[in-house]
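Computed over heavy atoms, backbone and side chain alike; hydrogens, waters and symmetry mates excluded. Residue numbers begin at 1 in each chain, while the letters A, B, ... track the order of the sequences.
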There are 2 protein chains.
Amino acid sequence: MTIHDVARLAGVSAATVSRVLNGAGHPVREDTRRRVLEAARLLDYYPNRLARSLLRRETAVVGLLVPDVSNPYYAAILRGAEDVAHQRGLAVMLCNTDRDPTKQRQALRTLLEHRVDGVIVAGGTLTAADLARVDGRVPVVAVGRHPARVPCVRVDNVQAARQACRHLLDLGHTQVAFLAGPPSSYTARDRVRGYMSALREAGVRPDDGSVVWSEFTAQGGYAAARQLLDRCQVTAVLACNDQMALGALRALWEAGLRVPADVSVVGFDDTPAAAVSVPALTTVAVPTYEMGRRVMELLLALRAGHRASGVVLPAELKVRESTAPPRGGPYASVGRGKTRPEGREATCRHP
Amino acid sequence: MTIHDVARLAGVSAATVSRVLNGAGHPVREDTRRRVLEAARLLDYYPNRLARSLLRRETAVVGLLVPDVSNPYYAAILRGAEDVAHQRGLAVMLCNTDRDPTKQRQALRTLLEHRVDGVIVAGGTLTAADLARVDGRVPVVAVGRHPARVPCVRVDNVQAARQACRHLLDLGHTQVAFLAGPPSSYTARDRVRGYMSALREAGVRPDDGSVVWSEFTAQGGYAAARQLLDRCQVTAVLACNDQMALGALRALWEAGLRVPADVSVVGFDDTPAAAVSVPALTTVAVPTYEMGRRVMELLLALRAGHRASGVVLPAELKVRESTAPPRGGPYASVGRGKTRPEGREATCRHP
DNA sequence: TTGTAAGCGTTATCAC
DNA sequence: GTGATAACGCTTACAA
């Protein structure tokens, strides 16, 4: 079933069929056009994009590298990117890398062999060598800060984490711990730096072991919090993402600690689960879906030959129910003792 | 940068380069092979799969249709499918459809134009017409029950929901509500049927309005639970997935109801969040990741010409902390009043 | 307005 | 063992 079959049925040449189907402004007599369209419909003809791509040297496919789609953070980014792509008629080829350099390299090779029109790297980082390999072949853009010279869409994680930490310090906390994501994550490292710098600014010396590195998952947060409770006395916990925060909430509860009465907890990202947890999670909202959209737009602009550079999107602290002044602190009476709202007009908002 | 460049540099013909690079058993002299490999490395040559696919009539790409990757259920399936695909050297092209028939049809067309070697439909359903269109072009398989004749990997949702509901009935509940997913979802409908049949078997007549249809999200579950509380008196809530259950937990808490003391809640799927919520969610574990793997294996078997048929995987009820006998029921003293475990050896398991 | 023909980068089929 | 050569299905000058 090729363009020639359609041509034969319509009694025209393949070239004419191509012109009708691509409608690229080339003049075609109206009744020829109709005959071609009808023939294509009858034969249920699908043009072969491989052939077209081979000739045109572009595939209308973009590649997307993520550590793990099961992580809601990347799923949201992917969704945003995909929405833009589909809207513009492009397809998306997805690769999970688990931040594994080998898998990353393999995935990149696959994408390049398939001659994708561009690559988006979300979380995880290409080495300079990988990047040199891509050089001149297709544009590459990133979500989140990228060590190599790649235009990227991101939030200022250092700043955001600093703000979250300051929120806790402002409430009067002095024992603030940080549940960090995997050290291989740039995002995790930036958030740790923000946390550190907020402490430093406030003149607070963090305890040894107040930073626990773990996985970006609920179980990771749970395990990290347990470890933390074994060795430190803390009144506030800042987690590297919402899932970790949720895991920490559970660990604290198991330890007989109430949130926020005994310990305050702050998450990161503002995933849907954060809004409905009990207590609802104070968290730094990161516009993941929008980042996905923007990074795809950035890539497409680059592909179209426009010169475009990265963007820094705003992250915003959302104070909900999981933070309060520490027990016995100077403002301890503020916002205390009402861990359960009176009635239905509570804090959970409908987007 | 083509195979000819490599050939020229190595001082051989393109055919020889192809033979070396594909190593498909064709004999090549050892030092020729080395020269070719060296030339390819030097030029950093990536074979063009478009050309190869065009000739071979297979692309080593499979298409995956999901309603929404942001839903952890589909993300897990996708991850499973992708792991198998990559392991076998295949790429995955992803399309989000939002269960929208138009988007579904568009996505399918895109995939077919790109000449994917097969299509996996997860959630959402192809019409008979769509399927006829695919007929004979590429194999199609589904995750979850599919109305049209498509081999599928699934769990028995009717049975699973019945079991979950029976768990509540066995505890002594008689007022069991169901928070259903969107009616366009086969899974949602099957789960409703299982719920209904359990009630029927137990001789319980459900109240009008004890089934509330909503979205497969935390907000959906939250809203549905609010609606439910406005019009019914219930002692147990069965939710169509974990996110909905988590939303319901929140709504109940806001209404001043304790779980499980006042109301029991059961989720579905056993996502990571379910294990760490407070109380930890009793839920029906669905092997989503495994389903993803299996459906990809099924597709590849079909593609390889083997005749293979669908599988029904087991779902298993995991009783955790969110269910207990109803207040004042015959077994009301069992499992009551210990909503907080004594110590650290609590129920949260590390996978 | 339409047709002819070249060629995109591979690989399979023949020769040698 | 290796090299020509002819496809694969399409688009696009160029000709008519």
Pull out every residue in residues 8-22 of chain B that has a heavy atom closer than 4.0 Å to any atom of DNA chain C, ordered by number, or say none. Ala15(B), Ser18(B), Arg19(B), Asn22(B)
Rounding to an integer number of Å, can you tell me how far Glu30(B) CD sits from dT2(D) C1'? 16 Å
Distance only, no hydrogens: is a donor on one side chain within 3.5 Å (strictly under) of an acceptor on the other, for Asp190(B) and Thr187(B)? no
Atom CG of Asn48(A) to atom P of dC8(D): distance rounded to whole Å? 12 Å
Find out whether Arg49(A) and Arg56(A) are in side-chain contact, i.e. whether some heavy atom of one side chain is under 4.5 Å from a heavy atom of the other. no
Measuring from atom OG1 of Thr59(B) to atom NE2 of His114(B), what distance do you get when rounded to the nearest 0.5 angstrom? 10.5 Å
d(Arg133(A) CZ, Leu108(A) CG) to nearest 0.5 Å is 8.5 Å
Is the phosphate of dC10(D) approached by Tyr46(A) (side-chain N or O, under 4.0 Å from OP1 or OP2)? no
Closest contact, heavy atoms only, Ala91(B) versus Thr110(A): CB-CG2, 4.1 Å
What I want to find out is whether Arg34(B) reaches Glu38(B) closely enough, with some N-O distance under 4.0 Å, to be called a salt bridge. no
Side chains of Val66(A) and Ile77(A) in contact at under 4.5 Å (non-hydrogen atoms): no
Tell me the interatomic distance from His114(B), atom NE2, to dG9(D), atom P, rounded to whole angstroms. 17 Å
To the nearest 0.5 Å, what is the distance between CG (Leu21(B)) and CZ (Arg33(B))? 9.5 Å
Whole angstroms only, please: what is the CG-C1' distance between Leu55(B) and dC8(D)? 5 Å
Leu50(A) CG to dC10(D) P, in whole Å, measures 10 Å
To the nearest angstrom, the CD-C1' distance between Glu113(B) and dG9(D) comes to 13 Å
Could you tell me, to 10°, how much the axis swings from one end of the helix from dT1(C)-dA16(D) to dC16(C)-dG1(D) to the other, five pairs per end? 40°
Would you kindly give the CG-to-P distance between Leu54(A) and dA7(D), to the nearest whole Å? 17 Å
With nearest nucleotides of DNA chain D determined for Pro27(B) and Arg115(B) from heavy-atom distances, which residue corresponds to the more 5′ nucleotide? Pro27(B)
Quick check with a 6.0 Å cut-off and a 45 degree axis cone: is Arg79(A) positioned over the face of Tyr289(A)'s six-membered ring? no
Here the distance between atom P of dC14(D) and atom NE2 of His26(A), to the nearest Å, is 14 Å
Carboxylate-amine/guanidinium contact Arg8(B) Asp5(B), below 4.0 Å: yes
Hey, what do you get for CZ (Arg57(A)) to CG (Leu50(B)), rounding to the nearest 0.5 Å? 11.0 Å
Does OP1 or OP2 of dT2(D) have a side-chain N or O of Thr32(B) closer than 4.0 Å? yes
First contact, last contact: which nucleotides of DNA chain C are these for chain A, 5' to 3', heavy-atom distance under 4.0 Å? dT1(C) to dG9(C)
